[in-house]
Amino acid sequence: MNKYTGINYEKNENCFAKTAHIESHLLYGDPNAIPDPLFTIFIPTFSRADLLKDALKSVIHQQHVTFPWDIIVVDNEAYDGQANETEKLIRKIDNPRILYYRNSEHMRPGDNFNRGILLSRGKWVMMLHDDDLLIANSLKNMERVIGFLERHAKKPLGAVSVRYHQFSYDPKHKDAFRGEILGAQDYYMNQPTNYGLIQLTHNNVLFTGHIGGDIPSNGATYNRAAVLDVGGFNDDFGISADLILYYCLENKYDVYSTIVPFGFYRWGINTMSKPESAYNTIKAGYDFREYVYSKNIFTRSWGKLFRYSQHRKFALDVLQQRKKSIKTHLTLRDYDSICSKEPNRHQYAFYAMTMRHVYDFVKGRQVDRLYKKSLKDKEIHV
(Lines give C-alpha, C1' and ligand atoms only; values in the text may rest on other atoms or scores of the structure.)
Protein backbone atom coordinates (compact mmCIF):
# COMPACT_ATOMS: atom_id res chain seq x y z
CA MET A 1 0.00 0.00 0.00
CA ASN A 2 1.36 3.45 -0.90
CA LYS A 3 2.22 5.90 1.84
CA TYR A 4 -0.76 7.98 2.94
CA THR A 5 -0.70 11.47 1.41
CA GLY A 6 -4.22 12.66 2.21
CA ILE A 7 -5.66 15.05 4.77
CA ASN A 8 -4.34 15.19 8.33
CA TYR A 9 -7.65 15.32 10.15
CA GLU A 10 -6.06 16.00 13.53
CA LYS A 11 -3.86 18.97 12.69
CA ASN A 12 -5.77 21.16 15.16
CA GLU A 13 -6.20 24.10 12.80
CA ASN A 14 -7.81 27.26 14.17
CA CYS A 15 -10.91 27.36 11.99
CA PHE A 16 -12.34 30.35 13.85
CA ALA A 17 -9.58 32.52 12.40
CA LYS A 18 -10.68 31.77 8.82
CA THR A 19 -13.73 34.02 9.15
CA ALA A 20 -12.41 36.55 11.65
CA HIS A 21 -12.82 39.29 9.01
CA ILE A 22 -16.58 38.66 8.74
CA GLU A 23 -18.72 40.62 11.17
CA SER A 24 -21.87 39.28 12.83
CA HIS A 25 -24.31 42.11 13.53
CA LEU A 26 -26.45 41.88 16.66
CA LEU A 27 -29.83 43.00 15.31
CA TYR A 28 -32.12 41.88 18.12
CA GLY A 29 -31.83 41.13 21.81
CA ASP A 30 -30.08 42.35 24.94
CA PRO A 31 -27.22 40.24 26.37
CA ASN A 32 -27.98 41.67 29.80
CA ALA A 33 -31.47 40.14 29.78
CA ILE A 34 -30.01 36.71 30.65
CA PRO A 35 -26.76 37.28 32.54
CA ASP A 36 -24.16 34.50 32.69
CA PRO A 37 -26.15 31.63 31.09
CA LEU A 38 -25.04 28.06 31.79
CA PHE A 39 -26.45 26.81 28.47
CA THR A 40 -26.80 28.51 25.12
CA ILE A 41 -29.09 26.94 22.56
CA PHE A 42 -27.58 27.86 19.22
CA ILE A 43 -29.58 27.80 15.96
CA PRO A 44 -27.74 28.43 12.69
CA THR A 45 -30.13 29.48 9.94
CA PHE A 46 -30.25 30.53 6.32
CA SER A 47 -33.34 31.83 4.54
CA ARG A 48 -35.85 29.40 6.09
CA ALA A 49 -38.00 31.52 8.37
CA ASP A 50 -40.97 29.15 8.03
CA LEU A 51 -38.99 26.20 9.41
CA LEU A 52 -37.09 28.32 11.93
CA LYS A 53 -40.41 29.27 13.49
CA ASP A 54 -41.05 25.64 14.46
CA ALA A 55 -37.48 25.21 15.73
CA LEU A 56 -37.72 28.30 17.93
CA LYS A 57 -41.09 27.23 19.26
CA SER A 58 -39.60 23.92 20.40
CA VAL A 59 -36.87 25.81 22.24
CA ILE A 60 -38.98 28.50 23.85
CA HIS A 61 -41.38 25.86 25.19
CA GLN A 62 -38.68 23.87 26.99
CA GLN A 63 -39.60 22.61 30.45
CA HIS A 64 -38.70 24.90 33.32
CA VAL A 65 -35.13 24.61 34.61
CA THR A 66 -33.45 26.33 37.55
CA PHE A 67 -30.33 27.54 35.69
CA PRO A 68 -30.03 30.54 33.32
CA TRP A 69 -30.02 29.84 29.59
CA ASP A 70 -30.35 31.80 26.39
CA ILE A 71 -30.83 31.34 22.63
CA ILE A 72 -28.71 32.69 19.81
CA VAL A 73 -29.74 32.61 16.17
CA VAL A 74 -26.94 33.22 13.67
CA ASP A 75 -28.37 34.11 10.26
CA ASN A 76 -26.07 33.26 7.36
CA GLU A 77 -27.92 35.42 4.82
CA ALA A 78 -25.51 38.26 4.03
CA TYR A 79 -26.59 41.48 5.76
CA ASP A 80 -27.58 44.31 3.40
CA GLY A 81 -28.99 46.73 5.94
CA GLN A 82 -32.56 45.56 5.34
CA ALA A 83 -34.72 43.38 7.59
CA ASN A 84 -35.22 39.98 5.99
CA GLU A 85 -37.97 37.45 6.77
CA THR A 86 -35.89 35.87 9.53
CA GLU A 87 -35.41 39.16 11.36
CA LYS A 88 -39.11 39.95 11.02
CA LEU A 89 -39.93 36.56 12.57
CA ILE A 90 -37.54 37.13 15.48
CA ARG A 91 -39.02 40.55 16.20
CA LYS A 92 -42.54 39.15 16.02
CA ILE A 93 -41.70 36.40 18.53
CA ASP A 94 -40.08 39.05 20.74
CA ASN A 95 -38.62 36.73 23.38
CA PRO A 96 -36.01 38.18 25.78
CA ARG A 97 -33.96 34.97 25.68
CA ILE A 98 -33.14 35.43 21.99
CA LEU A 99 -30.06 37.11 20.59
CA TYR A 100 -30.26 37.40 16.80
CA TYR A 101 -27.10 37.91 14.73
CA ARG A 102 -26.74 38.28 10.98
CA ASN A 103 -23.42 37.78 9.20
CA SER A 104 -22.06 40.52 6.97
CA GLU A 105 -21.08 37.83 4.43
CA HIS A 106 -22.35 34.35 3.69
CA MET A 107 -20.16 31.64 5.27
CA ARG A 108 -19.84 27.93 4.70
CA PRO A 109 -22.11 25.96 7.07
CA GLY A 110 -19.29 24.78 9.35
CA ASP A 111 -17.87 28.27 9.56
CA ASN A 112 -21.30 29.52 10.62
CA PHE A 113 -21.37 26.78 13.28
CA ASN A 114 -18.05 28.12 14.56
CA ARG A 115 -19.41 31.64 14.63
CA GLY A 116 -22.30 30.44 16.79
CA ILE A 117 -19.90 28.68 19.19
CA LEU A 118 -17.83 31.86 19.37
CA LEU A 119 -20.85 34.09 20.05
CA SER A 120 -22.41 31.72 22.59
CA ARG A 121 -22.08 32.78 26.20
CA GLY A 122 -22.94 29.51 27.92
CA LYS A 123 -20.38 27.00 29.17
CA TRP A 124 -22.43 24.43 27.25
CA VAL A 125 -23.70 25.00 23.71
CA MET A 126 -26.67 22.92 22.54
CA MET A 127 -27.06 22.93 18.75
CA LEU A 128 -30.32 22.84 16.83
CA HIS A 129 -30.54 23.19 13.05
CA ASP A 130 -33.25 25.53 11.80
CA ASP A 131 -35.28 22.70 10.24
CA ASP A 132 -35.26 20.43 13.30
CA LEU A 133 -36.95 20.40 16.71
CA LEU A 134 -36.09 19.75 20.35
CA ILE A 135 -38.09 17.51 22.63
CA ALA A 136 -39.50 19.70 25.39
CA ASN A 137 -37.40 18.13 28.17
CA SER A 138 -34.10 18.19 26.25
CA LEU A 139 -32.53 21.05 28.17
CA LYS A 140 -33.49 19.60 31.56
CA ASN A 141 -32.27 16.12 30.63
CA MET A 142 -29.00 17.36 29.14
CA GLU A 143 -28.18 19.27 32.31
CA ARG A 144 -28.72 16.07 34.30
CA VAL A 145 -26.67 13.95 31.88
CA ILE A 146 -23.78 16.43 31.88
CA GLY A 147 -23.86 16.66 35.68
CA PHE A 148 -23.65 12.87 35.89
CA LEU A 149 -20.82 12.63 33.35
CA GLU A 150 -18.78 15.40 34.96
CA ARG A 151 -18.81 13.42 38.19
CA HIS A 152 -17.73 10.16 36.54
CA ALA A 153 -15.84 10.93 33.29
CA LYS A 154 -12.10 10.28 33.42
CA LYS A 155 -11.22 13.31 31.29
CA PRO A 156 -12.95 16.69 31.01
CA LEU A 157 -16.23 16.32 29.15
CA GLY A 158 -15.99 17.62 25.58
CA ALA A 159 -19.37 16.85 24.03
CA VAL A 160 -22.53 14.81 24.21
CA SER A 161 -23.89 13.58 20.88
CA VAL A 162 -27.60 12.75 20.87
CA ARG A 163 -29.84 10.36 19.00
CA TYR A 164 -32.84 11.71 17.13
CA HIS A 165 -36.36 10.74 16.14
CA GLN A 166 -36.47 10.99 12.35
CA PHE A 167 -39.60 12.04 10.51
CA SER A 168 -40.35 12.65 6.85
CA TYR A 169 -41.67 16.10 6.09
CA ASP A 170 -44.11 16.97 3.32
CA PRO A 171 -45.16 20.66 3.33
CA LYS A 172 -48.48 19.64 1.76
CA HIS A 173 -49.38 17.46 4.77
CA LYS A 174 -48.32 19.51 7.78
CA ASP A 175 -51.08 18.22 10.02
CA ALA A 176 -49.83 14.65 9.68
CA PHE A 177 -46.30 15.61 10.65
CA ARG A 178 -47.49 17.63 13.65
CA GLY A 179 -49.56 14.68 14.84
CA GLU A 180 -46.53 12.38 14.64
CA ILE A 181 -44.40 14.88 16.58
CA LEU A 182 -46.97 15.37 19.33
CA GLY A 183 -47.42 11.64 19.81
CA ALA A 184 -43.69 10.94 19.95
CA GLN A 185 -43.07 13.90 22.25
CA ASP A 186 -45.69 12.69 24.73
CA TYR A 187 -43.94 9.32 24.84
CA TYR A 188 -40.43 10.73 25.39
CA MET A 189 -41.63 13.28 27.94
CA ASN A 190 -43.07 10.53 30.12
CA GLN A 191 -39.76 8.65 30.30
CA PRO A 192 -37.24 9.26 33.12
CA THR A 193 -33.85 10.72 32.26
CA ASN A 194 -31.84 7.92 30.66
CA TYR A 195 -28.20 7.73 31.78
CA GLY A 196 -27.40 4.80 29.52
CA LEU A 197 -24.63 6.37 27.44
CA ILE A 198 -22.06 5.19 24.90
CA GLN A 199 -18.54 6.55 25.12
CA LEU A 200 -17.14 7.46 21.71
CA THR A 201 -13.47 6.62 21.17
CA HIS A 202 -11.09 6.27 18.23
CA ASN A 203 -11.72 2.51 18.34
CA ASN A 204 -15.21 3.15 17.04
CA VAL A 205 -13.82 3.74 13.54
CA LEU A 206 -11.76 0.55 13.54
CA PHE A 207 -14.57 -1.69 14.71
CA THR A 208 -17.60 -0.14 13.02
CA GLY A 209 -16.10 1.83 10.12
CA HIS A 210 -17.93 4.88 11.46
CA ILE A 211 -16.68 7.73 13.65
CA GLY A 212 -19.70 7.37 15.90
CA GLY A 213 -22.20 9.89 17.14
CA ASP A 214 -24.89 11.67 15.17
CA ILE A 215 -25.07 14.91 13.25
CA PRO A 216 -25.31 17.88 15.64
CA SER A 217 -28.74 19.07 14.64
CA ASN A 218 -31.10 17.92 17.40
CA GLY A 219 -29.57 18.91 20.71
CA ALA A 220 -25.96 17.76 20.53
CA THR A 221 -24.18 19.70 23.27
CA TYR A 222 -20.59 20.94 23.31
CA ASN A 223 -18.22 22.19 25.95
CA ARG A 224 -17.60 25.60 24.39
CA ALA A 225 -14.04 25.88 25.73
CA ALA A 226 -13.19 22.42 24.37
CA VAL A 227 -14.39 23.27 20.86
CA LEU A 228 -12.38 26.49 20.92
CA ASP A 229 -9.38 24.47 22.10
CA VAL A 230 -9.41 21.97 19.21
CA GLY A 231 -10.12 24.55 16.51
CA GLY A 232 -13.81 24.06 15.81
CA PHE A 233 -15.65 22.62 12.80
CA ASN A 234 -13.38 22.31 9.78
CA ASP A 235 -15.44 22.70 6.60
CA ASP A 236 -12.42 21.66 4.53
CA PHE A 237 -13.18 18.10 5.71
CA GLY A 238 -16.45 18.06 3.78
CA ILE A 239 -19.77 16.51 4.69
CA SER A 240 -18.41 14.65 7.75
CA ALA A 241 -16.74 17.67 9.37
CA ASP A 242 -19.23 17.63 12.25
CA LEU A 243 -18.48 13.99 13.13
CA ILE A 244 -14.74 14.51 12.71
CA LEU A 245 -14.95 17.19 15.41
CA TYR A 246 -16.03 14.46 17.85
CA TYR A 247 -12.97 12.43 16.84
CA CYS A 248 -10.66 15.41 17.41
CA LEU A 249 -12.22 16.17 20.78
CA GLU A 250 -11.59 12.57 21.87
CA ASN A 251 -7.82 13.23 21.96
CA LYS A 252 -8.17 15.41 25.07
CA TYR A 253 -11.78 15.11 26.20
CA ASP A 254 -14.42 12.48 26.89
CA VAL A 255 -17.21 12.33 24.32
CA TYR A 256 -20.44 10.41 24.86
CA SER A 257 -23.56 9.63 22.88
CA THR A 258 -27.06 9.16 24.25
CA ILE A 259 -29.12 6.12 23.33
CA VAL A 260 -32.42 8.02 23.41
CA PRO A 261 -33.55 10.94 21.21
CA PHE A 262 -33.32 14.55 22.33
CA GLY A 263 -34.91 15.98 19.22
CA PHE A 264 -36.67 15.45 15.89
CA TYR A 265 -34.72 15.28 12.65
CA ARG A 266 -36.68 16.52 9.65
CA TRP A 267 -35.89 14.42 6.57
CA GLY A 268 -36.98 15.50 3.12
CA ILE A 269 -36.17 19.20 3.03
CA ASN A 270 -32.46 19.24 3.89
CA THR A 271 -29.26 18.67 1.95
CA MET A 272 -28.95 15.07 3.18
CA SER A 273 -31.94 14.11 1.03
CA LYS A 274 -30.12 15.06 -2.18
CA PRO A 275 -28.71 12.18 -4.27
CA GLU A 276 -25.17 13.56 -4.15
CA SER A 277 -25.20 13.49 -0.35
CA ALA A 278 -25.03 9.68 -0.33
CA TYR A 279 -21.95 9.79 -2.56
CA ASN A 280 -20.31 12.49 -0.45
CA THR A 281 -21.02 10.60 2.77
CA ILE A 282 -19.60 7.31 1.47
CA LYS A 283 -16.56 9.06 -0.02
CA ALA A 284 -15.91 11.00 3.20
CA GLY A 285 -16.14 7.80 5.24
CA TYR A 286 -13.67 6.03 2.94
CA ASP A 287 -11.19 8.93 3.03
CA PHE A 288 -11.32 9.24 6.79
CA ARG A 289 -10.79 5.52 7.34
CA GLU A 290 -7.73 5.68 5.04
CA TYR A 291 -6.33 8.34 7.38
CA VAL A 292 -7.05 6.20 10.45
CA TYR A 293 -5.43 3.13 8.86
CA SER A 294 -2.26 5.16 8.22
CA LYS A 295 -1.60 6.12 11.84
CA ASN A 296 0.63 3.23 13.01
CA ILE A 297 1.70 -0.36 12.33
CA PHE A 298 -1.39 -1.82 14.01
CA THR A 299 -3.87 0.33 12.09
CA ARG A 300 -2.07 -0.29 8.79
CA SER A 301 -2.40 -4.03 9.38
CA TRP A 302 -6.04 -3.54 10.30
CA GLY A 303 -6.64 -1.67 7.06
CA LYS A 304 -5.10 -4.45 5.01
CA LEU A 305 -7.49 -6.93 6.59
CA PHE A 306 -10.72 -4.95 6.71
CA ARG A 307 -10.47 -1.94 4.35
CA TYR A 308 -12.86 -3.32 1.74
CA SER A 309 -15.18 -5.01 4.24
CA GLN A 310 -15.59 -1.77 6.15
CA HIS A 311 -16.19 0.20 2.97
CA ARG A 312 -18.92 -2.19 1.84
CA LYS A 313 -20.66 -2.27 5.22
CA PHE A 314 -20.50 1.51 5.61
CA ALA A 315 -21.85 2.07 2.09
CA LEU A 316 -24.68 -0.41 2.63
CA ASP A 317 -25.60 1.32 5.91
CA VAL A 318 -25.75 4.71 4.16
CA LEU A 319 -27.95 3.36 1.37
CA GLN A 320 -30.23 1.59 3.83
CA GLN A 321 -30.70 4.79 5.81
CA ARG A 322 -31.73 6.63 2.65
CA LYS A 323 -34.24 3.94 1.70
CA LYS A 324 -36.07 4.45 4.99
CA SER A 325 -37.22 7.88 3.87
CA ILE A 326 -36.50 8.23 0.16
CA LYS A 327 -37.20 5.62 -2.50
CA THR A 328 -33.97 5.23 -4.43
CA HIS A 329 -32.48 2.68 -6.78
CA LEU A 330 -28.87 3.25 -5.82
CA THR A 331 -26.56 0.25 -5.54
CA LEU A 332 -22.95 -0.28 -4.51
CA ARG A 333 -21.99 -0.20 -8.19
CA ASP A 334 -22.91 3.48 -8.25
CA TYR A 335 -19.89 4.11 -6.00
CA ASP A 336 -17.22 2.15 -7.84
CA SER A 337 -15.36 5.39 -8.44
CA ILE A 338 -14.67 5.50 -4.68
CA CYS A 339 -13.59 1.89 -4.32
CA SER A 340 -14.42 -0.85 -6.80
CA LYS A 341 -12.57 -3.74 -5.16
CA GLU A 342 -14.86 -6.24 -3.45
CA PRO A 343 -13.90 -7.69 -0.07
CA ASN A 344 -12.96 -11.30 0.47
CA ARG A 345 -16.30 -12.91 1.34
CA HIS A 346 -14.90 -14.79 4.35
CA GLN A 347 -13.31 -11.64 5.77
CA TYR A 348 -16.50 -9.71 5.17
CA ALA A 349 -18.61 -12.35 6.91
CA PHE A 350 -16.22 -12.35 9.88
CA TYR A 351 -16.26 -8.56 10.10
CA ALA A 352 -19.99 -8.00 9.56
CA MET A 353 -21.31 -10.98 11.52
CA THR A 354 -18.76 -11.36 14.31
CA MET A 355 -16.62 -8.32 15.01
CA ARG A 356 -19.45 -5.80 14.75
CA HIS A 357 -21.63 -7.89 17.07
CA VAL A 358 -18.83 -8.31 19.60
CA TYR A 359 -18.19 -4.56 19.61
CA ASP A 360 -21.90 -3.82 19.96
CA PHE A 361 -22.03 -6.26 22.90
CA VAL A 362 -19.10 -4.52 24.62
CA LYS A 363 -20.70 -1.12 24.13
CA GLY A 364 -24.01 -2.49 25.41
CA ARG A 365 -22.30 -3.58 28.61
CA GLN A 366 -20.86 -0.09 28.92
CA VAL A 367 -24.34 1.38 28.65
CA ASP A 368 -25.56 -0.96 31.38
CA ARG A 369 -22.67 -0.05 33.69
CA LEU A 370 -23.27 3.66 33.34
CA TYR A 371 -26.98 3.21 33.90
CA LYS A 372 -26.41 1.16 37.07
CA LYS A 373 -23.89 3.71 38.28
CA SER A 374 -26.49 6.43 37.80
CA LEU A 375 -28.91 4.57 40.06
CA LYS A 376 -26.32 4.69 42.85
CA ASP A 377 -25.36 8.30 42.25
CA LYS A 378 -26.82 10.17 45.19
CA GLU A 379 -26.13 13.53 43.55
CA ILE A 380 -28.62 12.96 40.74
CA HIS A 381 -31.83 14.91 41.30
CA VAL A 382 -34.68 13.26 39.46
Item to check | Pairing of Lys155 and Glu250 as salt bridge, 4.0 angstrom limit | outcome: no
Item to check | Leu119 side, atom CG; Asn114 side, atom CG - distance, nearest 0.5 Å | outcome: 11.0 Å
Checklist entry - So, do Phe39 and Phe67 have ring centers that fall under 6.0 Å from each other? => result yes
Checklist entry - For the residue pair His25 and Tyr79, does the interplanar ring angle fall in the parallel (under 30°), tilted (30 to 60°) or perpendicular (over 60°) class? => result tilted
Item to check | Geometric cation-pi criterion, Arg356 with Phe207: 6.0 Å, 45° | outcome: no
Checklist entry - Does Glu150 pair with Lys123 as a salt bridge, N-O distance under 4.0 Å? => result yes
Checklist entry - Going by the angle between their ring planes, with limits at 30° and 60°, are Tyr222 and Tyr246 parallel, tilted or perpendicular? => result parallel
Item to check | Aromatic ring proximity, centroids under 6.0 angstrom, His129 and Phe113 | outcome: yes
Next on the checklist: Could you go through Tyr247 and Tyr9, starting from their C-alpha distance and side-chain angles, then the distance that decides it, and tell me whether this counts as ring-ring contact (aromatic ring centres under 6.0 Å, His included)?
Outcome noted: CA-CA 9 Å; Tyr247 188 92; Tyr9 291 94; 8.4 Å; no
Next on the checklist: Could you check whether Lys283 pairs with Asp287 (Lys NZ or Arg NE/NH1/NH2 to Asp/Glu carboxylate O, under 4.0 Å)?
Outcome noted: yes
Item to check | Check: Asp75 and Tyr100 side chains under 4.5 Å, non-hydrogen atoms | outcome: yes
Checklist entry - Could Arg163 and Asp214 be called an ion pair, given the rule that one side-chain N must be under 4.0 Å from one carboxylate O? => result yes
Next on the checklist: Strictly distance-based, threshold 3.5 Å: is any side-chain N or O of Arg115 a donor or acceptor partner for the main-chain N or O of Ile22?
Outcome noted: yes
Checklist entry - How are the rings of Tyr188 and His165 set relative to one another: parallel (under 30°), tilted (30 to 60°) or perpendicular (over 60°)? => result perpendicular
Checklist entry - Taking side chain as C-beta onward, heavy atoms only, is Leu228 less than 4.5 Å from Leu118? => result yes
Checklist outcome for this item: When rounded to the nearest 0.5 Å, the distance separating CZ of Arg102 from CG of Asn76 is 10.5 Å
Checklist entry - Where is the tightest heavy-atom contact between Ala78 and Ser104, given as atom of each residue plus distance? => result CB-O, 3.8 Å
Item to check | Separation between CG of Asp334 and OH of Tyr279, rounded to the nearest 0.5 Å | outcome: 11.5 Å
Checklist entry - Does the separation of the ring centres of Tyr371 and Tyr195 fall below 6.0 angstrom? => result no
Next on the checklist: Check for me, please, whether Val362 and Leu370 land in the same ILVMFWY cluster - side-chain distances under 4.5 Å, paths through other members count.
Outcome noted: no
Item to check | Arg365 and Asp360 ion-paired at < 4.0 Å | outcome: no
Item to check | More than 12 heavy atoms of other groups within 6.0 Å of Lys295 NZ | outcome: yes
Checklist entry - Is Asp368 salt-bridged to Lys372, cutoff N-O under 4.0 Å? => result no
Checklist entry - Does the distance from a Lys or Arg side-chain N to an Asp or Glu carboxylate O, for Arg266 and Asp54, drop under 4.0 Å? => result yes
Checklist entry - Do Lys341 and Asp336 meet the salt-bridge criterion of a basic N to acidic O distance under 4.0 Å? => result no
Checklist entry - Taking Tyr293 for the side chain and Asn296 for the main chain, is one N or O donor matched with an acceptor at less than 3.5 Å? => result no
Checklist outcome for this item: So CD1 of Ile135 and CD of Gln63: to nearest 0.5 Å the spacing works out to 11.0 Å
Checklist entry - Is the count of non-hydrogen atoms from other residues, nucleotides or ligands lying under 6.0 Å from Asp36 atom CG greater than 12? => result no
Item to check | Closest approach of Phe148 to Ser374 (non-hydrogen atoms, all atoms of both residues) | outcome: CE1-CA, 3.6 Å
Next on the checklist: Whether Glu290 and Arg307 form a salt bridge (side-chain N of Lys/Arg under 4.0 Å from carboxylate O of Asp/Glu) is what I want to check.
Outcome noted: yes
Checklist entry - Does a salt bridge link Arg121 with Asp70, judged by any charged N lying under 4.0 Å from a carboxylate O? => result yes
Next on the checklist: Please tell me whether Lys363 and Asn203 have a donor and an acceptor in their side chains that are separated by less than 3.5 angstrom.
Outcome noted: no
Checklist entry - Are Ser138 and Asn141 linked by a side-chain donor-acceptor pair shorter than 3.5 Å? => result no
